[in-house]
Number of protein chains: 2
Amino acid sequence: MGTGSRPTGSRSTSGYSAWRMIADELRGEIVGGTVPPGSKLASETELAQRFDVHRHTVRQAVAALAADHLVVARRGSGTFVAEHTVLVHRIGLRTRLTDSLGPRGAAASGRLLESAVETAPPADIAERLRLADRPALRLELVRSVDGLPIARGTAWLDAERVPGLVEHYGPEGSMTAALRAVGIQDYLRDSTMISGRAATAAEAAELELPAGSMVLVVRALNTLPEGSPLLYNVTRFAAARVELDVQHSIDAP
Amino acid sequence: MGTGSRPTGSRSTSGYSAWRMIADELRGEIVGGTVPPGSKLASETELAQRFDVHRHTVRQAVAALAADHLVVARRGSGTFVAEHTVLVHRIGLRTRLTDSLGPRGAAASGRLLESAVETAPPADIAERLRLADRPALRLELVRSVDGLPIARGTAWLDAERVPGLVEHYGPEGSMTAALRAVGIQDYLRDSTMISGRAATAAEAAELELPAGSMVLVVRALNTLPEGSPLLYNVTRFAAARVELDVQHSIDAP
DNA sequence: TCAAGTTGTCTAACTTTCTCGACAACTTGA
DNA sequence: TCAAGTTGTCGAGAAAGTTAGACAACTTGA
């Protein structure tokens, strides 16, 4: 670290560079609404004074925000807060990833990375899907909007209940459509757990995120209307690109 | 960075130190269930080989995990995955922060940092609470469990609708109890938005987190049973300590 | 046209991180 | 008891990453 006093966490700031902390600070103000979209950010000189660092350090922070498409720098005139383009993912009783992606949902596309039948799935998966000793079907998925990856998911199903599912998982990558093709018309969201952490290297690569980016981990169990478990999903959303909208009311699809 | 090949994001790994990436990797495996609680982590020598770094670098990563109470190192025998102690926060139609904190909810305590009547609240707040030109009451809160801060919240209310609320917000810090004291018996969760980002310096300090830690931002609007808005909450949870449990079914309080 | 203010680029100095080696302290099982 | 394997500690050198200062290129408004 440098010499001056600057925003400092309570402990162990070590290894977390000044420009990163400044970027976090500015990001908080931007997404928190303190600096509205379209407005001009304080100049690099002013920000350097405010955080008591060299202008170049501020530039690095601003560059990071620009890489996230949060701001746009224009030489000669200034740096401006971009229009917020976070996607909104609805979570409700009848959540479908495909049709839940806000205004730009049309451009969404899913891609099946891999599928496999696991004869010995992890114990927690087997328990949640009440597999007993039946094999599990595992799907590895990536969902993108406008060419930008949004989420990396792992889906688990009872392999014997959804024969031929993989063949029906088309290029648009709709789980709902694939399930319909194997005779399952409707399913409901049973439970949803949400947590957050830093992305692993593999996740960061697959989501085209810089190292150390945040992911929102959504673990969801979907059941058939009569209650038996059908689909267990573990989805890692790029936190910088997605916001989750929890639906409480009795479901308006 | 060093010379060897190691887990590397798709772009801009710069400034994100090797030990941090290794820590993210191990954290992903631990919370993802690949390495179950109680099991022994690979030895520092093995991990150094696996990530192609010096043992000292691995030690720094493991030290970070130990600071998060995710692992416990025992000299002579090894490093072990700790029992998971994340708190579970339920989010549902009748969510109350006070009574939603899993098995250890009893030890929870809230603290009022500051309260103020804002004659000119932010536009988005005024709109959500349908304030017109009435003043808003703003409460700044910190919630801790076992002495460890869990969440940092900002609550907004219509100041004229809840006169004397602050005086009733006791040392246990229950919003529900305070509202009851001013005559509001029941309220419902209307909408909940969840996002994630790195903590700002102030948030990290208040939550006693290392710089750059992740927060889950939950923005919730609560209404009276008849539908008029009552309480707008912006709560930042320490992602390392809390998991959100979304309740979909018709509410079992 | 010009001055002031802005972002972009370059080179150099600095600080931190990472590497490397060696040894100590402790636990476990043979 | 002992050997093997583990985490803990120390010191010093090398390689990054980070910060700093000066100047160029561009925009805007007077």
Checklist entry - Under 4.0 Å between a Lys/Arg side-chain N and an Asp/Glu carboxylate O for A:Arg219 and B:Glu243? => result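 Salt bridge: yes.
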To the nearest Å, how far apart are [X] [atom1] and [N] [atom2]?
X	N	atom1	atom2	result
B:Met21	C:dC18	CE	P	11 Å
A:Asp52	D:dT18	CG	P	19 Å
B:Gln60	D:dG8	CD	P	13 Å
B:Gln49	D:dG5	CD	P	13 Å
A:Trp19	D:dA20	CH2	P	15 Å
B:His54	C:dA22	NE2	C1'	10 Å
A:Ile22	D:dT18	CD1	P	12 Å
A:Arg20	D:dG17	CZ	P	12 Å

Item to check | Side chain of A:Val53 - closest among D:dA20, D:dT18, C:dC18 | outcome: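 Closest nucleotide among those given: D:dA20.
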Would you say that [X] contacts [Y] through its side chain, given a criterion of any heavy-atom pair below 4.5 Å between the two side chains?
X	Y	value
A:Leu141	A:Arg111	no
B:Val58	B:Val53	yes
B:Ile22	B:Leu47	no
B:Asp245	B:Ile91	no

Kindly list each side-chain donor-acceptor pair under 3.5 angstrom involving residues 191-206 of chain A, sequence neighbours excluded, with atom names and distances?
| from | atom 1 | to | atom 2 | distance (Å) |
| --- | --- | --- | --- | --- |
| A:Thr192 | OG1 | A:Arg189 | NH1 | 3.1 |
| A:Thr192 | OG1 | B:His248 | NE2 | 2.6 |
| A:Arg197 | NH1 | A:Glu203 | OE1 | 3.0 |
| A:Arg197 | NH2 | A:Glu203 | OE2 | 2.9 |
| A:Thr200 | OG1 | A:Glu203 | N | 3.3 |
| A:Thr200 | OG1 | A:Glu203 | OE1 | 3.4 |
| A:Glu203 | OE1 | A:Thr200 | N | 2.9 |
| A:Glu203 | OE2 | A:Arg236 | NE | 3.0 |
| A:Glu206 | OE1 | A:Arg152 | NE | 2.9 |
| A:Glu206 | OE2 | A:Arg152 | NE | 3.3 |

Next on the checklist: Please determine whether a side-chain nitrogen or oxygen atom of B:Thr57 lies at a distance below 4.0 Å from atom OP1 or OP2 of C:dT19.
Outcome noted: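 It does, given that an N or O in the side chain of B:Thr57 lies less than 4.0 Å from OP1 or OP2 of C:dT19.
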Item to check | With sequence neighbours excluded, residues passing salt bridge (Lys or Arg N to Asp or Glu O under 4.0 Å) with A:Glu29 | outcome: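 Here the qualifying residues are A:Arg50.
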Checklist entry - Considering residues at least two apart in sequence or located in another chain, which fulfil the salt bridge (Lys or Arg N to Asp or Glu O under 4.0 Å) criterion with A:Glu83? => result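 Here no residue qualifies.
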Checklist entry - For DNA chain D, what dot-bracket results from Watson-Crick or G-U pairs at under 3.5 Å, with [ ] for crossers and | for inter-strand partners? => result ||||||||||||||||||||||||||||||
Checklist entry - Partners of A:Pro122 by side-chain contact (heavy atoms from CB on, under 4.5 Å), sequence neighbours excluded? => result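 If we apply the side-chain contact (heavy atoms from CB on, under 4.5 Å) test to A:Pro122, skipping adjacent residues, the hits are A:Asp124, A:Ile125, A:Trp156.
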So which protein nitrogen or oxygen atoms get under 3.5 Å of nucleotides 7-9 of chain C's nitrogens or oxygens?
| from | atom 1 | to | atom 2 | distance (Å) |
| --- | --- | --- | --- | --- |
| C:dT7 | OP1 | A:Thr79 | OG1 | 3.2 |
| C:dT7 | OP2 | A:Glu44 | N | 3.1 |
| C:dG8 | OP2 | A:Arg59 | NH1 | 3.0 |
| C:dG8 | OP2 | A:Arg59 | NH2 | 3.3 |
| C:dG8 | O4' | A:Arg75 | NE | 3.3 |
| C:dG8 | O4' | A:Arg75 | NH2 | 3.1 |
| C:dG8 | N7 | A:Arg55 | NH2 | 2.8 |
| C:dG8 | O6 | A:Arg55 | NH1 | 3.0 |
| C:dG8 | O6 | A:Arg55 | NH2 | 3.3 |

